[in-house]
There are 2 protein chains.
Amino acid sequence: MARRRRPGPRRALSEEMILDAALDLLDEGGSAAASVRSIAARVGVAPNAVYTYFPSKAVVLQGVVERILGEVEHDTVVDAARPWRERVESLALHLRERVLAHPAAVPLMVGGPMDGRNALTLNEQLLELLCDAGLTPTDAARASYLLVVYVFGSMALNVAHGPDSGPLPPEADRVAARRDRFAAIPAESFPRSAAATDTIASFVTTEQFLWGLRRLLDGITAQA
Amino acid sequence: MARRRRPGPRRALSEEMILDAALDLLDEGGSAAASVRSIAARVGVAPNAVYTYFPSKAVVLQGVVERILGEVEHDTVVDAARPWRERVESLALHLRERVLAHPAAVPLMVGGPMDGRNALTLNEQLLELLCDAGLTPTDAARASYLLVVYVFGSMALNVAHGPDSGPLPPEADRVAARRDRFAAIPAESFPRSAAATDTIASFVTTEQFLWGLRRLLDGITAQA
DNA sequence: ACCTGAACACCGTTCAAGT
DNA sequence: ACCTGAACACCGTTCAAGT
């Protein structure tokens with residue numbers, strides 16, 4: 001089935017080089033920096049040459065998402081001998097860590113299809129885990145969707161306030177920035193929100209992420 | 001403290017008119033249709049006249065988000081006499097229904113600050129509800145964040161696959177579209193995902209939303 | 001103070017032409 | 001088949017000028 005291809009001049013690039021360039025630009029300058037023109041410039045071709053490799057910018061960005069999800073080493077992180085809840089937790093924590101390394105890509109994930117090979121692999125592993133836990137296939141599928149919504153939803157809200165360029169600041173700085181942001185809540189109109197400022201500021205932490213994840217797992221097991 | 005303003009010619013517009021135009025365009029043509037230029041055209045002024053009312057496009061879109069969140073009639077939906085779980089459920093369902101009426105606005109909410117007056121009002125009401133349920137202020141704040149992540153996260157993933165224009169199709173059509181999309185999963189590589197196609201297709205339904213919400217409430221009460 | 005015309009510095013994408 | 005120059009139809013935003 002091996003078809004010969006491209007009889008013309010050797011191609012100067014590869015899909016991978018374009019995805020690399022796009023991801024680098026995304027990491028360095030945020031979503032606005034990853035234009036077709038700047039991607040092309042970085043790999044040293046004219047803007048329209050990109051369309052030899054990808055049909056549109058949207059497909060390039062989809063490829064970037066897939067590349068990031070591919071960086072999640074699905075199997076090595078999760079020790080099959082441990083209890084299933086711990087396995088889910090370490091998978092979720094690892095996924096979150098890997099994705100938050102590319103903050104500008106989070107909106108692309110939440111806003112796009114997420115039905116590529118690596119996304120499916122991730123989902124498949126989660127399903128396996130939940131079936132091992134004794135859930136029916138239907139409940140496992142529902143629960144995995146719930147977990148996906150939580151992991152990606154929390155990342156999206158985490159990233160929402162931050163700057164649109166560069167890597168994610170350290171956790172302490174993000175908490176401080178959030179506290180500043182919510183310190184101005186008028187206590188007379190929103191007494192409970194104002195009183196909870198410190199807790200609200202901590203929503204961007206891994207600790208709060210784990211708290212929510214555990215409540216979610218509690219809910220799933222209570223159901224089973 | 002009433003300060004006199006604008007000694008020049010009477011302003012032809014108001015902030016509200018601009019927000020109306022922006023929301024209409026968003027609803028009719030998706031996020032790409034709500035450009036500063038098209039907003040200006042709809043209200044009958046030159047593009048740069050918009051900058052007399054708002055400092056930037058981002059602030060206009062923030063205003064649109066606030067307007068939508070203001071459409072949620074916080075109090076009337078939730079009967080204070082009912083058990084707190086039911087009150088949370090009806091608040092979440094109502095919020096979801098109101099927001100999904102404007103699919104193109106969902107990414108704006110998940111991607112932006114969400115710290116306006118109406119967003120705070122919503123959060124305050126949720127906090128009150130959870131405190132009534134017996135949670136400590138800290139746990140109530142954490143739980144409300146968990147609920148917000150879930151409600152907005154699930155909407156974002158729901159809207160992600162759909163077309164970028166017009167109102168959200170009826171639920172049955174969205175399920176069918178999703179089934180088509182995931183019917184192509186190769187069963188040899190992803191056996192569990194392929195077997196769960198029907199369940200996966202149903203993720204966009206209100207029923208599945210409620211299922212997840214209830215697991216979440218189970219987890220929160222198990223903690224308390 | 002509010003609005004305009006014109007311009008600046010960008011976009012994504014297409015097309016005819018070269019090799 | 002791959003790449004280029006040039007163009008098309010857009011963007012958000014700024015600025016000087018009018019009233």
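Proteins get letters first, then strands, A, B, ... in listed order; numbering begins at 1 in each.
For the OP1/OP2 pair of D:dC3 and a distance below 4.0 Å, the side-chain nitrogens and oxygens of A:Tyr53 include at least one atom meeting the criterion. Between B:Arg11 and the phosphate of C:dC2, there is a side-chain N or O to OP1/OP2 separation shorter than 4.0 Å.
Atom CG in A:Asp164 sits roughly 16 Å away from atom P in D:dG12 (whole-Å rounding). One can place CD1 of A:Ile18 at 14 Å from P of C:dG12, the figure rounded to the nearest angstrom. Going from atom NZ of A:Lys57 over to atom C1' of C:dC10 covers 12 Å, rounded to whole Å. Here C:dG12 presents its P atom at 15 Å from CZ of A:Phe54, a figure rounded to the nearest Å.
In this structure, D:dG12 and C:dC8 make a Watson-Crick or G-U wobble pair, each of the two defining distances being under 3.5 angstrom. Nucleotide D:dA1 forms a pair with C:dT19, judged by Watson-Crick or G-U wobble geometry with both contacts under 3.5 Å.
Of the candidates C:dT13, D:dT13, C:dT4, C:dT4 carries the atom nearest the B:Val45 side chain, counting heavy atoms from C-beta on. Nearest nucleotide to the side chain of B:Ser35, out of C:dC3, D:dC11, C:dT13: D:dC11. Here the side chain of B:Thr52 is nearest to one of D:dC3, C:dC3, D:dG12, namely C:dC3. Distance from the side chain of B:Arg37 is smallest for D:dT13 among the nucleotides C:dC3, D:dT13, C:dT13. In this structure, the nucleotide among D:dC3, C:dT13, C:dT4 sitting nearest to the side chain of A:Ala12 is D:dC3.
Looking at B:Arg42 and B:Glu28, a side-chain N of the basic residue comes within less than 4.0 Å of a carboxylate O on the acidic one, giving a salt bridge.
When only modelled atom types and interatomic distance are considered, B:Glu171 and B:Thr205 share no side-chain donor-acceptor pair under 3.5 Å. The closest side-chain donor-acceptor pair between A:Ser35 and A:Ser38 falls under 3.5 angstrom.
As rounded to the nearest Å, C:dA7 and D:dC11 have C1' atoms that lie 14 Å from one another.
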Any chance you could lay out the side chain to side chain donor-acceptor pair (under 3.5 Å) test for A:Ser154 and A:Arg96, step after step, and finish with the verdict? CA-CA 9 Å; A:Ser154 67; A:Arg96 177 173 180 270; 5.0 Å; no
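Within the 4.5 Å cutoff, side-chain heavy atoms of A:Leu157 are placed close to those of B:Tyr145.
The 5' end of DNA chain C is approached more closely, in terms of each residue's nearest nucleotide, by A:Ala32 than by the other of A:Ala32 and A:Pro55. For the pair B:Tyr51 and A:Leu13, both in contact range of DNA chain D, the more 5′-proximal nearest nucleotide belongs to A:Leu13.
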